[in-house]
Structure formats: C-alpha cells, structure tokens
Undergrad: 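Okay, here's the structure, questions in a sec.
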Amino acid sequence: APGRRGYSGAGAAEFLHRSIVPTMHYQKSLPRLPVPKLEDTIMRYLNAQKPLLNDDQFRKTEELAHAFEKGIGRELHEQLVAQDNQNKHTSYITGPWFDMYLKAREPVVLNFNAFMSFNPDPKAEYNDQLIRATNMTVSAIRFMKTFRAGYLEPEVFHLNPEKSDTEIFKRIIRFVPSSISWFGAYMVNAYPLDMSQYFRLFNSTRLPKLNRDELYTDEKAKHLLVLRNGNFYVFDVIDRDGNMLEPSEIQAHLKYILSDNSPAPAFPLGYLTSENRDTWALLRQNLLENGNEEALQKVDSAMFCLSLDDFVIKDLVHLSHTMLHGDAANRWYDKSFNLIITKDGTAGINFEHSWGDGVAVLRFQNEVFKDSTKTPAISPQSQPASVDSSRAVQKLDFKLNDVLKAGITKAKQKFDATVESLSLNMIQFQEGGKELLKQKKVSPDAVAQLAFQMAFLRQYDQTVATYESCSTAAFKHGRTETIRPASVYTKKCSEAFVKELSKHSTEELQNLIVECSKYHGRLTKEAAMGQGFDRHLFSLRYLALSKELALPDFYQDHAYTRLNHNIISTSTLVSPAVQLGGFGPVVSDGFGVGYQVQDDWIGCNVSSYPARNGKEFLQCIYKSLEDIFNVLKGKKIGS
C-alpha cells in the first residue's frame, strides 16, 4: 500500500542515515588513555590545593604529597602501570569508575542522574504530546536501528572540518583497516571518539543489588515501556523480522495509553527507584519472590522508558524540576534513560549515569531532535492506524504485599521531603557571550568559570573545591577527567574585583582575566588529553583498597577530603537540540551548576539544598559576568 512507503522491509526510513564509514570503524585503533607521570600528578594536585589552603595547611599537604610520591604512591603507580599494560583492550579508569558508580548506595535520582531538555519543535503544531511522543519514539528507534546496523556516522571531533568532514575523506578512510584507521583521521586533524558506551542506551537498566548494582542489557527485547499516571504499559515497536512498527500504529498505541482513564495506583512502583540502593535491592528481591518476575523483566529489558506527564510546563524552573526529578510515580530512574514528554509536548531526557557520560546521550538527543523535526514520521493531519491497541498494549500489574506497600510509602515520604528541600534557579545573561569573548581573545569557558569563583567569593568570602567535567572520549574507553577551575589565578582575579577594585586600573583587571583564561585553557587541554590528576589519584586509592592495604596518609589528609568535597560542581554543553541541562548538587552544602555559553548570551541553571542560597549565588554570578564584560569592553566599573 502507498501509505507504507519507506516503512516496509529495510526501507530508508528504518534508518536515520547510512554512513559509508562503519560506526565502529575507528574503535579498534583509538589511542589508549595515558596513565600520567606520578610527579606530574602530584604537581597538578598541589596547584589545585594552593588556592584552598593557608600557608601552614599547604606545607603539611605538600609534605604528605611528596612522601607519597617517593614511597607507597610510587609502588601503587608502578602496579597501576603494569596492570594497565596487561589490559590493553580498555582504560585504567574503566573498572574503578564503574565501581564508583555501581557501589554508591545513595539514590540515583538527584545524586547521579542528570537531565537535558529538548528545544521545542520549530513547527508549533508539532508540539502536541501525542505527535511529539510518536515522532520522537520513531526517531529513537531509527537511531537504535542505525547504530546496530553499523550505519550511524562515527562520532568524530573535527578540528579542520573542511578537510576531514568531507565525502572524499570518508571514501578513502573506509578502506583503511580498522586497526590503523584512527591514524588516518589524525593525519587530517580529526579525532574519532570512543563509542563503546552507545550500546547501553537501549534495552538497558541498572539493577539494584546489595553492595554493588549491576548493568543489565537485553538487545533481543522488542518492546517499549510507557509510564503514564503511575501506570506501566508495554507494547512491541519492532516486529518479528526486526522491522519497526508503522508510525501510525505507534501513534495508535500511544493514543490508547493517553486516553486510558485507569486510576493512578495507590502504591506507585516508580518510587522504589528513588530509594537507597540497598533498601531497593531488598525490596526488589521481595517483588521477584512475590510473583512479579515477568513484569519486572518487561521493565528492565524495554528499549527505553517513555514517561508521559499529564500537565503543562509553566516556566523554565518548572521544566528543570520536571526533567531532573518530576514525580517518581511516573519515572523509572534505573532505565538508561527516560524520555519525558509533558501535556504541551515539552520533551527532555533524564539519564542514569553509571553506564555512560553526556557525550553518548547528547549525540542521541541531537540525532533524535534533528530527525523528529526535519523528517517527522507523522504530522498533525496523520490518522492513527485502525488497529486493536487493547490487544497490542499490555498494562503491567504488580502484586504487592504489605512489606512492599510499606516500602513504597516510605520511599515516597523520603523522595517528597528531598525534592521539597531542593531549589532550582536560573539566569540568562543577555549582555554578551561567546562572540564578544572570542573577539577579546579570552576563553568563553574560562570566563564562565571565573564568574562562579568571583560569585562564591562575593557571597561567602571564600574559595572552595570546584569541579568541571571534561570528556576523555578521545581515548579508548575514556570516561571523564576533572578540570579544577579554582586556581591561584582565579583567586587573585576574584579578590581584585570583589575586594580591591579601587586599587586596580581597567587594564590591570583585563590582564588578570587574560591570565585566568590562559591557565584555564591549559587545564582544559591537559584534562582532555588524559593529563588531569583526579582520575589517576582515584585509581591509585582504588588499587590500595583493592589490595587491602592500609589507606596511605596522603588520602587521610583533611585537605584531600576537602578537595573532593566539591561544593561547586559544574558541567557545560551547547547543542542546537538542547534548551537546558542540569543536575543536583553533589554534596548537601554545594551547588550543581549547569551552564551554556551561547554566541550572545550565557545561561546558568543552579541547584541547591537549604545549606546554600542558589538564588543569591546566581545574582552574584550575574554581577560577576557584568563586571567581567564591562572590563573587557574597557569600561570602568564601580564596586
């Protein structure tokens, strides 16, 4: 039938695109994540400690660091290097990092899961809940099929796209064997990125287990999990032959779910995924023993979780709350991701963090946004297929005993109290962005980070441990490295702006900003090249503990603990698909700062608990940005 064009068999519409270079072409030849030299790590560590300590504290920390470097640290480092040489298929951080996430017992929501919300569809009439849910679901399935078929364009960071992002280059490189293909890309200044995390995007769940959770993936499963009003529904989106269901059928099934008026369950199961992991592990065991094995298997193996919310988004703060945590009754936080779509068609992704980092999720979001807006599967005029959705859609029922009901009630009380104590605030600084900063030859990221340092000094009169996430995906099985934005340079510059303004000319202030920018640029480059210090020290500590050695004095230093208590935790992203992103504070007295530096504005989204005032912090960030931009424009500023 003409209506089936492109959706039958291996029609073009089953895939987003067909890359002539296979998806995993570069994976084999990616360079390995280097283990930094121990002396470099100790030097970088001390540089990061300097702005946080007074002279006496620093001297003590320096002594401990040098003793570690000459003694037990050297032994551990040599063992780590030997271990790394025996495991050339992966990176030295892979094991420790998975363990760090999977052994953590705190709830995943607010502590680890992050969100990124989609921009609205440029065509207003497509921002209808059913239309957008159908189009995004179809695009997500296309992404999955494209990836699994090896047709997804490899993820490559192009430093010179005119040479490397071309048809000619792709035609040549595809014939270069995988074992050396990375070098071919490197010759034209292109850096292929690790894609080993991508397979966990689909049919994957983090399963709660005592002491250490497990990641579970079942690529054979063909169904989607849909949550609405706390109820669980599943239906197949892939047929027996591996082809995608007609978009009009997916539309029909989603329409059926949206018009189902079953009451919300008295004990919504989703709350359990917001619990302490050991508590949840025991309750899950109870669920399995109580005859829910088949229903849980459906949840765990589903392609992903589509959460349909029955309300409209009021503003950006409401949007952040909805995507970061929302109502736990209508989320399954353990799924690799929840695609959330509200009544007015606002969409976002909440993702579990142990399986992967922002790079994989962002690529998925970019492709889904592009595909669902440029080549949508259905339009506002499309009619749902006349199929019997009551047979195709299965509503999952869970058998709950008193222990489970009490567990859900308690989880709900804890979740509600935590969410109640969480503040989310945001600003948009409209007086300039990337363009102006680049004209002034300063790094946009360095300026944003400097503003955070300046703001904290203004608000709390101190410099504290700060974390900025940096991807190390340029290496095989790379994850992330930490950039430490608080430096002696940012401290000096912040103090000049906040405390000693009258003592400095505009030119001196400009020079201080430039110094910060240069140093931050160096730190960023080091981190991206696997030459930070955090992951190295983390791995040495992990090795000592795994060998049941006494924890070296270096790690028992109060200053080490303080540096890893990240009061300002930051992460940035810029994408045409993403409106804003954010995450919870990583410590109870901290700020979670999601930010983006656009061409002519800077956006900032801050989360905090009662120990800190996020609204005031943002006002101080705004003031800092205003001062920095005015100084860069050559204007004199008042205190």
Side-chain angles (χ1 to χ4, degrees), residues 107-111 113 115 129 133 205-208 223-235 254 256-302 304-311 318 321-343 348 350-352 393-422:
V108 290
V109 61
L110 295 181
N111 292 307
N113 288 27
F115 84 87
Q129 188 174 27
T205 299
R206 173 175 173 160
L207 303 179
H223 62 281
L224 177 70
L225 169 66
V226 184
L227 299 187
R228 177 171 169 258
N229 204 13
N231 291 305
F232 289 60
Y233 307 85
V234 292
F235 63 88
L254 292 177
Y256 170 81
I257 291 168
L258 282 168
S259 50
D260 178 20
N261 48 21
S262 304
F267 298 95
L269 207 68
Y271 280 102
L272 293 178
T273 64
S274 75
E275 250 298 3
N276 166 284
R277 303 306 292 175
D278 282 339
T279 309
W280 170 207
L282 294 168
L283 288 165
R284 181 186 158 85
Q285 212 34 56
N286 190 321
L287 269 171
L288 291 169
E289 287 158 10
N290 213 41
N292 297 295
E293 196 168 344
E294 205 177 312
L296 275 175
Q297 173 61 24
K298 288 274 190 204
V299 171
D300 296 335
S301 62
F304 60 90
C305 176
L306 173 65
S307 297
L308 300 171
D309 284 347
D310 279 346
F311 53 81
H318 183 218
H321 278 289
T322 302
M323 301 305 171
L324 181 59
H325 55 80
D327 176 359
N330 219 40
R331 302 283 183 271
W332 197 259
Y333 300 115
D334 291 357
K335 271 319 260 180
S336 54
F337 70 89
N338 288 244
L339 172 59
I340 302 156
I341 303 182
T342 62
K343 194 88 174 159
N350 177 294
F351 68 98
E352 197 281 310
V393 177
Q394 179 193 356
K395 184 162 173 267
L396 300 180
D397 284 312
F398 295 93
K399 304 176 189 70
L400 305 177
N401 57 24
D402 289 347
V403 173
L404 289 164
K405 286 177 181 174
I408 291 169
T409 304
K410 196 171 175 199
K412 183 178 183 338
Q413 286 166 349
K414 281 206 257 184
F415 175 81
D416 290 348
T418 308
V419 162
E420 187 61 36
S421 72
L422 176 82

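No hydrogens, no waters, no symmetry mates; every other heavy atom, side chains included, goes into these values.
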Undergrad: Please list all pairs meeting side chain to side chain donor-acceptor pair (under 3.5 Å) that have one or both residues in residues 398-411, counting only residues at least two apart or in different chains.
TA: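 Only N286-N401 qualify under side chain to side chain donor-acceptor pair (under 3.5 Å).
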Undergrad: Is there a donor-acceptor contact under 3.5 Å from the side chain of N231 to the main chain of P263?
TA: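 Yes, because the side chain of N231 sits within donor-acceptor range (under 3.5 Å) of the backbone of P263.
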Undergrad: I'd like to know if the side chain of D309 reaches the main chain of I341, judged simply by a donor and an acceptor atom lying under 3.5 Å from each other, with no hydrogens or angles considered.
TA: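 Not a single qualifying donor-acceptor pair exists.
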Undergrad: If you measure from the Lys or Arg side-chain nitrogens to the Asp or Glu carboxylate oxygens, is any gap between R228 and D260 under 4.0 Å?
TA: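 No salt bridge links R228 with D260.
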Undergrad: OH of Y271 to CG of N330: how many Å apart, nearest 0.5 Å?
TA: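 It comes to 9.5 Å.
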Undergrad: Could you check whether any side-chain N or O of D327 sits under 3.5 Å from a backbone N or O of A329, counting only pairs where one atom can act as donor and the other as acceptor?
TA: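 Between the backbone of A329 and the side chain of D327 there is a qualifying donor-acceptor contact (under 3.5 Å).
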Undergrad: Please test E352 against N338 for side chain to side chain contact (heavy atoms under 4.5 Å, CB included), starting from the C-alpha separation and ending with a verdict.
TA: CA-CA 9 Å; E352 197 281 310; N338 288 244; over 6 Å; no
Undergrad: Donor-acceptor pair, distance only, cut-off 3.5 Å: does the side chain of S307 make one with the backbone of R331?
TA: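 It does not hold such a pair.
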Undergrad: To the nearest 0.5 Å, tell me how far Q297 CD sits from L396 CG.
TA: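 These two atoms lie 11.5 Å from each other.
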Undergrad: What pair of heavy atoms forms the shortest contact from P265 to G230, and how long is it?
TA: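 Shortest heavy-atom separation between P265 and G230 comes out as CG-O, 3.2 Å.
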Undergrad: Give, for atom CG of L225 and atom CZ of F304, the distance between the pair rounded to the nearest 0.5 Å.
TA: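 Rounded to the nearest 0.5 Å, the CG-CZ separation comes to 9.5 Å.
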Undergrad: Would you confirm whether K335, through its side chain, and F351, through its main-chain N or O, come within 3.5 Å as a donor-acceptor pair?
TA: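 No: the side chain of K335 does not pair with the backbone of F351.
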Undergrad: Work out which heavy atom in T418 is nearest to a heavy atom in L110; give both atom names and the distance.
TA: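 That would be CG2-CD1, 3.8 Å.
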Undergrad: Quick one: which residue pairs count as a salt bridge (Lys or Arg N to Asp or Glu O under 4.0 Å) with a foot in residues 283-298, not counting sequence neighbours?
TA: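 Passing the test, one end in residues 283-298: R284-D300.
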Undergrad: In this structure, is the centre-to-centre distance between the rings of H318 and F311 below 6.0 Å?
TA: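 For F311 and H318, the ring centres are under 6.0 Å apart.
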Undergrad: If the condition is side-chain contact (heavy atoms from CB on, under 4.5 Å), which residues does V393 pass it with, not counting sequence neighbours?
TA: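 Listed in chain order: Y233, F235, H253, Y256, I257, S389.
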Undergrad: For A411 and S274, which heavy atoms make the closest approach, and how far apart are they?
TA: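 Smallest interatomic distance, heavy atoms only, reads O-OG, 4.2 Å.
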Undergrad: Any idea which heavy atoms bring L308 and V226 closest together, and the distance?
TA: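 So the minimum-distance heavy-atom pair works out to CD1-CG1, 3.7 Å.
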Undergrad: So which heavy atom on Y333 is nearest to which on A328, and how close?
TA: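 Closest heavy-atom pair between Y333 and A328: OH-CA, 3.4 Å.
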Undergrad: Find the distance between CG (L324) and CG (L422) and round it off to the nearest 0.5 Å.
TA: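 Going from the CG atom of L324 to the CG atom of L422 covers 6.5 Å.
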Undergrad: What are the two closest non-hydrogen atoms of F415 and G326, and how far apart are they?
TA: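 Nearest heavy atoms, F415 then G326: CZ-O, 3.4 Å.
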Undergrad: Which residue pairs satisfy the salt bridge (Lys or Arg N to Asp or Glu O under 4.0 Å) criterion with at least one member in residues 267-280, sequence neighbours excluded?
TA: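 Checked against salt bridge (Lys or Arg N to Asp or Glu O under 4.0 Å) - neighbours excluded - the pairs reaching residues 267-280 are R105-D278, D213-R277, E275-K414, R277-D334.
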Undergrad: Could you give me the CA-CA distance, side-chain angles and deciding distance for V299 and L269, then say whether side chain to side chain contact (heavy atoms under 4.5 Å, CB included) is met?
TA: CA-CA 11 Å; V299 171; L269 207 68; over 6 Å; no
Undergrad: Indicate yes or no for a side-chain donor-acceptor contact from N292 to the backbone of A295 under 3.5 Å, with no hydrogens or angles considered.
TA: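 Side chain of N292 to backbone of A295: no pair is present.
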Undergrad: Output, in order, the C-alpha distance, side-chain angles, deciding distance and verdict of side chain to side chain contact (heavy atoms under 4.5 Å, CB included) for V419 and V109.
TA: CA-CA 10 Å; V419 162; V109 61; over 6 Å; no
Undergrad: To the closest 0.5 Å, what do you measure between CG (L272) and CG (L287)?
TA: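 If we round to the nearest 0.5 Å, L272:CG and L287:CG are 6.5 Å apart.
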Undergrad: Check ring-ring contact (aromatic ring centres under 6.0 Å, His included) between F232 and all other residues, then give those that pass, not counting sequence neighbours.
TA: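 Partners of F232 under the ring-ring contact (aromatic ring centres under 6.0 Å, His included) test: W332, F398.
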Undergrad: Can you find a heavy atom in the side chain of S262 that is under 4.5 Å from one in the side chain of N229?
TA: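 In short, these two side chains do not touch, never coming nearer than 4.5 Å.
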Undergrad: Can N350 and N113 be counted as having a side-chain donor-acceptor contact under 3.5 angstrom?
TA: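 There is such a pair (donor and acceptor under 3.5 Å, judged by atom type) between the side chains of N350 and N113.
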Undergrad: List the residues meeting ring-ring contact (aromatic ring centres under 6.0 Å, His included) with H223, not counting sequence neighbours, and say none if there are none.
TA: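 Testing H223 for ring-ring contact (aromatic ring centres under 6.0 Å, His included), a comparison that skips the adjacent residues, returns none.
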Undergrad: Please assess L404 against N290 for the test side chain to side chain contact (heavy atoms under 4.5 Å, CB included), listing each intermediate value before the final yes or no.
TA: CA-CA 10 Å; L404 289 164; N290 213 41; 4.1 Å; yes
